[in-house]
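Just so it is clear, the structure is predicted and the values come from calculations on it, not from any experiment.
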Amino acid sequence: MSLPTTAASLVTLAEGAEHGGNHASLNPYLTGGGAFVVLLLLLWITTRFNRDR
């Protein structure tokens with residue numbers, strides 16, 4: 001594949017993705033909140049096993 005052919009393929013691919021890549025059912029606040037809760041849970045578990053500090 002040559003450089004101009006690759007560039008033309010990438011331009012065609014980029015033109016098809018104008019709506020954005022997010023799925024309609026993904027709520028960023030719910031996803032971020034869930035990740036935050038999971039990280040807090042992991043922090044709590046880690047501190048329970050580190051009683052010597």
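- Within the model, atoms CG of N50 and CD1 of I45 stand 12.5 Å from one another, a figure rounded to the nearest 0.5 Å.
- Cluster annotation: F49 is connected to L41 through the hydrophobic network of ILVMFWY side chains, with a link wherever side-chain heavy atoms come within less than 4.5 Å.
- With 3.5 Å as the limit, one finds no donor-acceptor pair spanning the side chains of S9 and T6.
- Atoms CG and OG1, from L42 and T46 in turn, are 6.0 Å apart once rounded to the nearest 0.5 Å.
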Test side-chain contact (heavy atoms from CB on, under 4.5 Å) applied to L40 and W44, step by step: CA-CA 6 Å; L40 282 178; W44 181 79; over 6 Å; no
